[in-house]
Structure formats: structure tokens, C-alpha cells
Amino acid sequence: MGSLTDGPGRSPWRHLIIAALISALLIPVSFFRPFGLIEARLYDILSTIAPPRPPQPGAVIVAIDEPSFSEVGQRWPWSRDLHARLVKSLRKAGAKVIAFDIIFAEPSMEDADRTLAAALGPDVVLAADDVTTVLDQGVQTTRVNPIDPFLEAGALPGVTAVELDGDAYLRRMPRLPDSFAAEALRLNGFSAPVPPEGALIQYFGPSRTYPTVSYYQALAPETFLPPGRLKGQTVLIGLNLKADMAVDSGAPDAFPTAYTLTSESLTAGVEVQATVMDNLRHGLYAVPVPRVVLAGLIVAAAFMAALVCRKGFNWRRAALACLSIVLLIAGAWALLRFGRIWAPPALPVAAALGVFGARFGLDYMNERQLRRTVSEAFSRYLAPELVAQLARDPSALKLGGERRNLTVLFCDVRGFTSMSEKLKDEPERLTTLINRLLDALSEAVLAEGGTIDKYMGDCVMAFWNAPLPSPDHPLKAVRAALGMIKAVEHLNLVLHAEEGDVAPRFAVGVGINTGDCVVGNVGSRWRYDYSVLGDAVNLASRLESLSKEFGVSLILGPATAEAVREHYVLIELDRIAVRGRAAESAIYTVVAPVEQRKDPAVTEIESLHPRILELLRSGRKQEADALIVPARTLMPLLAGYYDKLVGRFSTP
């Protein structure tokens, strides 16, 4: 039917085309950088749902916070001899690694610097930074390290530079081999591999998720902290001011993270470094899929949606469509949660919604244009001209017909029964093969303006000069027949290229006859077809069956042959009895287009062949055999015919 709601046997190509078009529209969007911010926000949401966490926090934060400012009583930056006291206090408390998320890039008071340098050692990491400057001649990156006395004392520099996304959120894992978190992790005795390109940080909670103590407490842990609180710990020291945690604070060392959407607060840079360290140690960062893979997911989602809605929408399929959207999002979350792979679901979901929406829209249009849909439905069974005529005059939908001179064609597949027997255990393949063949044969008929009457298994019946007049209908039918034969040859080549020597090889026999027939709606009042009846139809069917007996692909009845003599070189095959005639009638086949009549081989066969028939009919078989030998050479395509011909005239 022309409806968008598919019935049994309905081709799925429409849905596949919709899916392919929507995929083609959405795949380029995945390469559009601003769209990445939508995917990033989805990552923020999904990564905070039951996130994976390390067995235990990998660091303790020593926060330079408001209580510490109150207790210390100094303006920022604090004296470096205070930091020296902290280092000594932390070592005494058993800290394994001490890392300052503070850049000591400039000298301060000489005594204070000397005191801090004396306290530093190989268990200390000091923050460094990479400063990027855009110049006219290019981009310049400058490394800002702690002052030399601190490095000479054995402290290691670790780069704290991070890369923000376009919305200023911090999601990207640092990829420097000497990053701050990587150096702290190495001092702790663990490897710190460089994460893949585009790896995303897995956050474990909002601000202050990591165990945190105030700076002033760490200066006197024996007074303010439980015994052993810092023993064996990696301690990260950095700013963590509550006043800077508001989203609109503009704090230089606090960042929006995945949890900012729900907590509406920023996360201190020092806590971000602790998170990165645990991501590196436990491999918890997420790796985005390549864009090529994402394109594949878009295509898969679109075709999945096409499969769901291939038969239109009802409440069950609508529920299934909603469920499929949920499954796409849930699948992305599961892959992130358990596989640490980030496959953004935005575009796959958009592809599925696009297919569902397109299908729903088409169904809606279908309901709004029912008259047009019915016309399209009938056009699958009748000629388009007849459909237009019926639309103008519905009273024509009645039984009856008219007498008209028509050319009728029958085409049958040779050896189909044996092929069916060979493929009896592969009905799908057999159906596919015959459908491909019938498609090629039908195309040849329609290309010449024929009306396909019916398919009878492996046989096609068509006719010309109805429902609309066609003065040259015998010529069009013959052209269609030759087109069918060429189409079969092409299909055989295609099948051989696909399947090799095991591919089936098709051959057809075609019979064409011209004569008066009754054409119209034939059937009962409950069901009828637009078809033809008459002796001319029966003779066309008989000629098709005789094509195998005569060893040729095409046989023309006498009236058809007479009508196309000006266009084709014909030879008489034999004479057969025709119902309603006392004398036998000659039947013919096409040797070549008339343009090739001057070809020596064609000229010779035109003169030689009638003599062969005359000799055989007069019983002079030996003389005929002598002429058949050169005839075979002149026209190899008639070799099988001559074998059959000799057999027909042989004495039993």
C-alpha cells in the first residue's frame, strides 16, 4: 500500500533511507566543536550518577582556609618560614609525600627563603606552571618553575596547568608527564602513565569530598588532629577558601566541575589535583570514543529506531520508542561507569528521535492526505494512467472490458524448478534471487511503457496498448524482450562477482504475440484485476513455452514479426498450428537490429536459413546438415536452435 504503515512483505527501504539521511545530517555535527559543550554537560550529569570511587582517598588536603588565616594572623602571601614549619610538622606526623599547590616563582625575604629551602627535600613537590602567550609569529609556552634554591634542595617541580573547556569547566586530564599529580604519585611509589588524548576527569563528589584539615591544624597535628592522622599520607597543600567557592566569585584557583551543576559551588584547585592523582593511580578517567566510532553509534541508533517504527506508530511502539531512548542513555552511562569509556549519547539519541519524529510526521501526513495515499496504493497494481483515470471517474471500478489490439509478452525463467530443488533448504536465498530477477525483468517492461499484468511464480506477463493507446506497441514489446535478455545477462555477471562459480545462472524464454484481446477489470465483485483475455494471449504463452523447445530466448508470433520487420532482422523458426486458422503459421526470432543487415554474416544467414528449412521440409536432411555447419559458424547464438531443428525433422 502507499501508506506509511507497512503491511506484510513491505520493503524496509523507506525506513533505511530515513535513517541514512538523518545519520548523514547528524554525523557532521559531531565534528562541530561548539556542540562538544552539550556532550560535555551530558558527561557532567552521567559521571555523577553512582560514580566509581577509589578504595580510599589518595590524599589529605591541607587547606589554606579562613580559620587558618584567623589563626596565623598574616596577610597573603604568608612568610615562607611558616611553610618550612609546616613541612617539618608534616614529616614529624609521618606524611609520606608533601606537595605544595603554591608557586614559589619569585624570591621573598632572604632568611625566609633560606629556611624553607633547608626544610625541603626529595619528598616534596612544588607547583610549577606553563604560561602560554599568543604572539604574532605563533604560540609561546614558558615554564615557570620554583626558584632555584628550592629545586637545589631536592624538591621536584610539578606542573599544575590545566585545560579548561569552552564553558570554563575543568574536565580534561592533564597530559604532561611531569604534572603536579603525576610527580606526587611517583614519590608515593606508583606509576603515573600519561592519559590518552581527551581523557576526562572522573570527579568523586563536590567541594571538600577529600579529607581536609586546616593549615593551622597541620602546623600542630599533635594538638589538633587524632594520632596517626597524617601517617603515610600524601598531603596536598593549597588554597581552599569558602569565599571563593561561589560560582560567581571568579577565584583564580577554584574551578567549575561536574558537581557544580548540583552543588552550585567551585572546587579548589588543590582538591582537583588530588582527584587527578586518584584518576591516574586507579585508571578512573574516562576515554572518549573516536569520532568515527561515534559516527557508527549515530548510524546504529538511527537504524535501530527505523527497525522499531518500521510498521508505524501505535501505543506499544511509542512505548518501545521511549524505552529505546532510555536504553541509549542508560547504555552510555553503563559504558562510562563500568568500562571507563565515554560515548556521548546526545547525537545517537538525536538520531533515534529524528527517525521517530520523521516517521510520526510522515504518518501524520499520511492521515491528512488519505486520497493521495489510496491513489499511490493502487499504482502498485495498476498503470499510473489507469489510477489517474479511476481517480477522475470512480465509476470505472466495475467489471467489464473492451476489445483492443494488444501485444502480449510472457517471460519465464528456465530451470527454475531445478534451482528451487537445490535451494529448498535456503528459502530466503531463493526468494531474494527470484525477486532480484523479477525486478530486472519488470524494469525492462516499464522502461518501454508496458503494463505488468501479473507475476506467476517465476513468470512475468505484460502487455502494451492498454490502458492508453500506443501505436508502436509490437516494437516496444520486442525492445522490452531484448532488454529483459540483456538484464538477465547483467544479473548473471553481478551474481558471479558476488558468489563466484557457485552462483546460479539464469536464462529466460520470451514469447510475444500481437492480436485482438479483451482488456479490462476481470474477476468477481469482491476482487478483480486489470487484465487481458483472448486467443492472442494464449498463443503468446505457448510461444514462451516453445522457446525452450526451439533453443532460443525469444519467439515472435506472426503479427508481431510483421510489425517489426523494418526494425529487426528476423528468421523463421518453424510453422505451428494456430487455433482458428486452417494453415500453420510461421514463428520467428530476432537475429540482429536492422542496422546490422549489411553485416556479411547476417546477410549470409538470411539467405542460407530459408534453404535449410526448405531442405528439411522436403526430407533432404543430409543436404540440410551440410548447410547447417556454416550456419552455426555464421550465427553461434543459433547453434542450440539448429540442434533442436535437426531433431524435429529426424525420422523417429
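For clarity, every value in this text was computed on a predicted model and none was experimentally measured. Just so you know, these numbers use all the heavy atoms, side chains as well, and skip hydrogens, waters and symmetry mates.
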Tell me, do [X] and [Y] make a side-chain contact under 4.5 Å, heavy atoms counted?
X    : Y    : result
M173 : L200 : no
T275 : Y210 : yes
L170 : Y203 : yes
P52  : R337 : yes
P149 : I147 : yes
L46  : I329 : yes
R171 : F255 : no
E498 : V494 : yes

Examine distances only and state if a side-chain atom of [X] and a backbone atom of [Y] form a donor-acceptor pair shorter than 3.5 Å.
X    : Y    : value
T48  : Y259 : no
D439 : N435 : no
D167 : Y169 : yes
Q74  : S79  : yes
R291 : I27  : no
S89  : L86  : no
N240 : A63  : no
S207 : T267 : no

Would you mind writing out the side-chain donor-acceptor pairs for residues 338-357 within the sub-3.5 Å range, not counting sequence neighbours?
residue, atom, partner, partner atom, Å
R340, NE, L284, O, 2.9
R340, NH1, L336, O, 2.5
R340, NH2, Q202, OE1, 2.9
R340, NH2, L284, O, 2.6

Look up atom [atom1] in [X] and atom [atom2] in [Y], then write down how far apart they are to the nearest 0.5 Å.
X    : Y    : atom1 : atom2 : result
L307 : S324 : CG    : OG    : 10.5 Å
T234 : L185 : OG1   : CG    : 8.0 Å
L219 : L90  : CG    : CG    : 8.0 Å
I18  : S23  : CD1   : OG    : 11.5 Å
F32  : L37  : CZ    : CG    : 10.0 Å
I103 : T160 : CD1   : OG1   : 4.5 Å

Qualifying salt bridge (charged side-chain N to carboxylate O under 4.0 Å, His left out) pairs with a residue from residues 175-186, counting only residues at least two apart or across chains: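 Listed once each, the pairs are R143-D178, R175-E197, E183-R186.
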From CA spacing to verdict: side chain to side chain contact (heavy atoms under 4.5 Å, CB included), S108, W78: CA-CA 10 Å; S108 66; W78 290 342; over 6 Å; no
Side-chain donor-acceptor pair present, D65, Y216, cut-off under 3.5 Å: no
F100 and V125: CA distance, side-chain angles, deciding distance, side chain to side chain contact (heavy atoms under 4.5 Å, CB included) verdict: CA-CA 6 Å; F100 280 89; V125 178; over 6 Å; no
Derivation and outcome, side chain to side chain contact (heavy atoms under 4.5 Å, CB included), residues F180 and V276: CA-CA 9 Å; F180 184 82; V276 171; over 6 Å; no
Check this for me: does any side-chain nitrogen of one of [X] and [Y] sit under 4.0 Å from a carboxylate oxygen of the other?
X    : Y    : result
D111 : R114 : yes
D123 : K96  : no
R53  : D278 : no
R80  : E106 : no

Step-by-step side chain to side chain contact (heavy atoms under 4.5 Å, CB included) determination, V60 to L230: CA-CA 8 Å; V60 174; L230 301 176; 4.0 Å; yes
What is the minimum heavy-atom distance between [X] and [Y], and which atoms define it?
X    : Y    : result
R208 : E271 : N-OE1, 2.8 Å
P177 : A182 : O-CB, 3.8 Å
F69  : I64  : CE1-CG2, 3.7 Å
A321 : V308 : N-CG1, 4.2 Å
L294 : S30  : CD2-CB, 3.9 Å
M277 : G58  : CE-O, 3.1 Å

side-chain contact (heavy atoms from CB on, under 4.5 Å) involving E426 - partner list, sequence neighbours excluded: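 By the side-chain contact (heavy atoms from CB on, under 4.5 Å) rule, E426 matches L423, R429.
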Ring-ring centroid check F190 H282, cutoff 6.0 Å: no
E499, CD: over 12 other non-hydrogen atoms inside 6.0 angstrom: yes
Geometric cation-pi criterion R172 and Y285, 6.0 Å radius, 45° cone: no
